[in-house]
Amino acid sequence: MNNNSFISSLNSEPETLNSFSSAEATTDAIMSMRRRVVDLVQAAVLALQEQGVLGAAPAPVFQVDIPKIPEHGDFATNVALVLAKLARKAPRQVAELIIAALSPPPGMLARVEIAGPGFINFFLEDSFWLQVLADIEAAQGTYGDSTFGAGKRVQVEFVSANPTGPLHVGHGRGAALGDALANILTATGHEVEREYYINDVGLQMQTLGLSLFRRAQELQGLPVTFPEHGYQGDYIKTLAGQYLAEHGPVPAGDPDPETVERCGRFAGEAILAAIRQDLADFGVHFDHWYSETRLFQDQILDKALATLQAQGYLYEADGAWWFRATAFGDEKDRVIRRQTGATTYFASDIAYHWLKFQRGFDQVIDIWGADHHGYVPRLQAVVQALGIAPERLKVLLVQLVSLLREGQPVAMTTRGGTFVTLRQVMDEVGKDVARFIFLSRRADAQLEFDLELAKKQTSENPVYYVQYAHARLASVFRLAAERGIAWQSAARSVLQRLTLPEELAILKVLAGYPDVVTAAARHLEPHRITYFLTELAKQLHAYYYKHRFLSDDLELTQARLLLVRGIQTVLDHGLRILGVEAPESM
RNA sequence: GCGCCUGUAGCUCAGUGGGACAGAGCAACGGACUUCUAAUCCGUAGGUCGCAGGUUCGAGCCCUGCCAGGCGCGCCA
């Protein structure tokens, strides 16, 4: 069961850490069931406060949850417990006052109880839940969307792998996460831009160029010593061959800087093209591909560093220039310009993030591999030094993916050039399976990905479970159409035929969906959608197995088709957010 | 040594700014296919939430210490 809680405050609080907005979607056409209860309680408390019964309590924060135990009602609130101290009354007494002040719409509440230390438990009329189906239908495929993040501009920067080699599975996880997150933020009303940052400047590009050059010499039969830290992968050899075909033979001996640069650019562009293709096939599309080169071309680096300089956060020592990161809690100050005069990678990142905020994003989200986590404090320091509220930059760290095959680890060493690429995984298990599995864990938990298990079309594999539910329903609708059953135009009153416990349970799950999407946005956690969909699919399968949807009873058939259409619509919406296909048949 | 992440059932993991008897999937065991798709369903069993303190009316969740695993501590990216 999902058990979402809803935090609310009476006075609309300013933006809080790690959340985009406290302005909930009260103006949405589709109001979640829980929201209806929150509003009900809120109105009662406000009324009591105006009467002076509860005193002028300053912005009490209370919760409305779905209790774990059905006996505790459909919703429960701790509002009385929270208010007790401020009101200088016993919690249960406060609860009684609040209950008396409730003014629910007709047909909503079956009963309200005070329980335990002072919880208020709400039991909704069964028929009230039917409203959910009308909501879903009225939303026309947007049920689950909200205005939670309306007016907020968000940038999600993810993957951003260096164009020195193909994407590996770790990048795949970052890609799935970033893309799903962007979808979630879009669904909740944010204005979202997806961006890929291309590190195409500096030493690594030289190394790449030299690696290609040496491979080219090799292909020509020239004696070579491959650079110690060169890129080893076979793809370099392939590219070297292409380079020779296009540019003709390379000279013997050591290359001049121009040649290295040309080779580096050639390899970088080719690799980036392959990366773009991999991502496109993985269903990931970016709004912007931002090249580090532009930071130099457009003098962004100069401007950003000048800003820090003006604030007094740069100084010279040991022949280098340093950023005073320790002023903001980082372990040590960081070099931004080396003794050699060349700026560091960090300097570029300062400039890039300066630019991000110049571009007007309210929220900037970076998705990095967990091996970069040591880098977070210094970047947060930069943001603060630039005078930007630190919570406007959120760095999500994606933990490692351990690839397994039949439970055995698959060897992966970047150094030797033998690593499993995203392309290989996609080809082997398919895009949908890979994405779903990547999104089946919290980002900060390590992920085990068993290639053999991922290919199995059994219940060991959760991916198909959800897709199958969708396809199953598609099959039902096809048959209904064949039989000429007109259910979509059925009168609303037929829904009263949905009286089974399973049906009520499904309505409640569906009713919780918008809150799940909002919570996923608030916490930046797509896996919540994955879990919800699995739960919904489970309900459907059980319902399907136990009861026939198409029967001689036309009215009941219509009612059930309306219900399962609601399920299918939500499954489709959720799978779309995850970037996974919702198949019509399997 | 310092820092970050993780530690919940045999395995993989959920558990939402603390809330009312700890959940799911898989594996195990026992059942269900003349049915709208069995890629499914039903049932049983399974946990001192790493350990020890603390805060609280209430702690898997917050604080402190310890233990274990992963990662990071470059004028690399």
All side-chain contact (heavy atoms from CB on, under 4.5 Å) counterparts of A:Gln384, not counting sequence neighbours
A:Phe328, A:Pro390
Would you check if the side chain of A:Asp74 reaches a backbone N or O of A:Phe123 as a donor-acceptor pair within less than 3.5 Å?
no
Taking CG from A:Asp65 and P from B:rG23, how many angstroms apart are they, rounded to a whole number?
16 Å
Remember a base hit wins even if backbone is also touched, and classify A:Glu448 as base, sugar-phosphate or nothing at under 4.0 Å, heavy atoms.
sugar-phosphate
For A:Asp450, answer base if it contacts any base atom (sugar-phosphate contacts may also be present), sugar-phosphate if it contacts only those atoms, and nothing otherwise; contact means non-hydrogen atoms under 4.0 Å.
nothing
Any base atoms under 4.0 Å from A:Tyr345, or only sugar-phosphate, or nothing? Heavy atoms, all strands.
base
Using the ring-ring contact (aromatic ring centres under 6.0 Å, His included) criterion, which residues pair with A:His171? Sequence neighbours excluded.
A:His168
Between B:rA39, B:rU6, B:rG15, which one does the side chain of A:Asp444 approach most closely?
B:rU6
So what does A:Lys456 touch, heavy atoms closer than 4.0 Å: a base, only the sugar-phosphate, or nothing?
nothing
Is a side-chain N or O of A:His470 found less than 3.5 angstrom from the main chain of A:Gln467, in a donor-acceptor match?
no
Contacts of type salt bridge (charged side-chain N to carboxylate O under 4.0 Å, His left out), residue A:Asp330, not counting sequence neighbours
A:Arg334
A:Trp487 and A:Phe477 aromatic ring geometry - parallel, tilted or perpendicular at 30°/60° bounds
parallel
Please name all residues satisfying salt bridge (charged side-chain N to carboxylate O under 4.0 Å, His left out) with A:Arg405, sequence neighbours left out, ordered by chain then number.
A:Glu428, A:Glu452
Can you tell me how far P in B:rC29 sits from the matching atom in B:rG3, rounded to whole Å?
48 Å
Give A:Ala480 one of three labels, base, sugar-phosphate or nothing, depending on what nucleic acid heavy atoms sit under 4.0 Å from its own.
nothing
Atom CG of A:Leu396 and atom P of B:rC5 are separated, to the nearest Å, by 13 Å
Determine the Euclidean distance between corresponding C1' atoms of B:rU48 and B:rG7; express it in Å to zero decimal places.
15 Å
Students often get this wrong, so: under 4.0 angstrom with heavy atoms, is A:Ala76 touching a base, only sugar-phosphate, or nothing?
base
Syn/anti state for B:rC33 [syn: chi within 90° of 0]
syn
What's the gap between B:rC63 and B:rC5 when it is taken at their P atoms, as a whole Å value?
10 Å
List for me each residue that meets salt bridge (charged side-chain N to carboxylate O under 4.0 Å, His left out) alongside A:Arg173, sequence neighbours excluded, and say none if there are none.
none
For nucleotides 70-72 of chain B, list the nitrogen or oxygen atoms of the protein found under 3.5 Å from its nitrogen or oxygen atoms, one pair per line.
| unit_1 | atom_1 | unit_2 | atom_2 | d |
| --- | --- | --- | --- | --- |
| B:rG70 | O2' | A:Gln446 | NE2 | 3.0 |
| B:rC71 | O2 | A:His373 | NE2 | 3.3 |

Heavy atoms under 4.0 Å, any strand shown: does A:Ser585 hit a base, just sugar-phosphate, or nothing?
base
The nucleotide from B:rC36, B:rA14, B:rU6 with an atom nearest the side chain of A:Ser475 is B:rC36
Rounding to a whole Å, what distance do you find between A:Leu404:CG and B:rC26:C1'?
14 Å
Salt bridge (Lys or Arg N to Asp or Glu O under 4.0 Å) contacts in which one or both residues fall within residues 461-481 of chain A, not counting sequence neighbours
none
What interatomic distance, in whole Å, is found between C1' of B:rG15 and the corresponding atom of B:rA28?
25 Å
Of the nucleotides B:rU6, B:rU35, B:rC76, which has the atom closest to the A:Arg338 side chain?
B:rC76
Dot-bracket for RNA chain B, please, read 5' to 3', with Watson-Crick or G-U wobble pairs under 3.5 Å on both distances, ( ) within the strand, [ ] crossing, | other strand, . unpaired.
(((((((..((((.....[...)))).(((((.......))))).....(((((..]....))))))))))))....
How far does the C1' atom of B:rA22 sit from the matching atom of B:rU8, given to the nearest Å?
8 Å
Using the C1' atoms only, state how far B:rG60 lies from B:rC51, rounded to an integer number of Å.
14 Å
Reading RNA chain B from 5' onward, which residue's closest nucleotide shows up sooner: A:Arg478 or A:His72?
A:His72
Is the shortest distance from a Lys or Arg side-chain nitrogen in A:Glu96 or A:Arg92 to a carboxylate oxygen in the other one below 4.0 Å?
no
Expected list for residues 436-445 of chain A: side-chain donor-acceptor pairs under 3.5 angstrom, two or more places apart:
| unit_1 | atom_1 | unit_2 | atom_2 | d |
| --- | --- | --- | --- | --- |
| A:Ser440 | OG | A:Ile437 | O | 2.6 |
| A:Arg442 | NE | A:Asp444 | OD1 | 3.1 |
| A:Arg442 | NH2 | A:Asp444 | OD1 | 2.9 |
| A:Arg442 | NH2 | A:Asp444 | OD2 | 3.2 |

Between B:rU44 and B:rA27, how many Å separate the two C1' atoms, rounded to a whole number?
14 Å
Which is true for A:His547 with a 4.0 Å heavy-atom rule: it touches a base, it touches only sugar-phosphate, or it touches nothing?
base
Could you tell me how far apart A:Tyr231 (OH) and B:rA77 (P) are, to the nearest whole angstrom?
10 Å
Identify which nucleotide among B:rC75, B:rG15, B:rG19 has an atom closest to any side-chain atom of A:His527, counting heavy atoms from C-beta outward.
B:rG15
Indicate, with a heavy-atom threshold strictly under 4.0 Å, whether A:Ala115 touches base, sugar-phosphate, or nothing.
base
Ignoring hydrogens and angles, does a donor from either the side chain of A:Asn121 or the base of B:rA20 sit under 3.5 Å from an acceptor on the other?
yes
Work out how far the P atom of B:rG50 is from that of B:rA68, and round it to whole angstrom.
16 Å
Measure from the side chain of A:Asn162, starting at C-beta and using heavy atoms only, and say which of B:rG19, B:rG15, B:rA77 lies closest.
B:rA77
Please enumerate all residues that pass ring-ring contact (aromatic ring centres under 6.0 Å, His included) together with A:Tyr231, with sequence neighbours excluded.
none
May I ask you to verify if any side-chain N or O of A:Arg442 is less than 4.0 angstrom from the OP1 or OP2 atom of B:rC13?
no
note: A:Arg441, atom CZ; B:rC26, atom P; distance rounded to Å ~ 13 Å
Which nucleotide in the set B:rA77, B:rC36, B:rG17 lies at the smallest distance from any side-chain heavy atom of A:Val476?
B:rC36
Assign each of A:Leu479 and A:Ser440 to its nearest nucleotide of RNA chain B by heavy atoms, then name whichever residue's nucleotide is nearer the 5' end.
A:Ser440
Residues two or more places apart in sequence or in another chain: which of them pass salt bridge (charged side-chain N to carboxylate O under 4.0 Å, His left out) with A:Arg294?
A:Asp298
Report all interatomic pairs (protein N or O, nucleotide N or O of nucleotides 40-43 of chain B) with separations under 3.5 Å.
| unit_1 | atom_1 | unit_2 | atom_2 | d |
| --- | --- | --- | --- | --- |
| B:rU40 | O2' | A:Arg472 | NH1 | 3.2 |
| B:rC41 | OP1 | A:Tyr465 | OH | 2.3 |

It should be established whether A:Arg522 places a side-chain nitrogen or oxygen under 4.0 Å from OP1 or OP2 of nucleotide B:rG17.
no
Are OP1 or OP2 of B:rC73 and a side-chain N or O of A:Arg378 less than 4.0 angstrom apart?
no
Looking at A:His547, I want to see if its NE2 is surrounded by more than 12 non-hydrogen atoms of other residues, nucleotides or ligands under 6.0 Å.
yes
Yes or no on side chain to side chain contact (heavy atoms under 4.5 Å, CB included) for A:Thr569 and A:Arg565, after CA distance, side-chain angles and deciding distance?
CA-CA 6 Å; A:Thr569 303; A:Arg565 174 62 100 191; 4.0 Å; yes
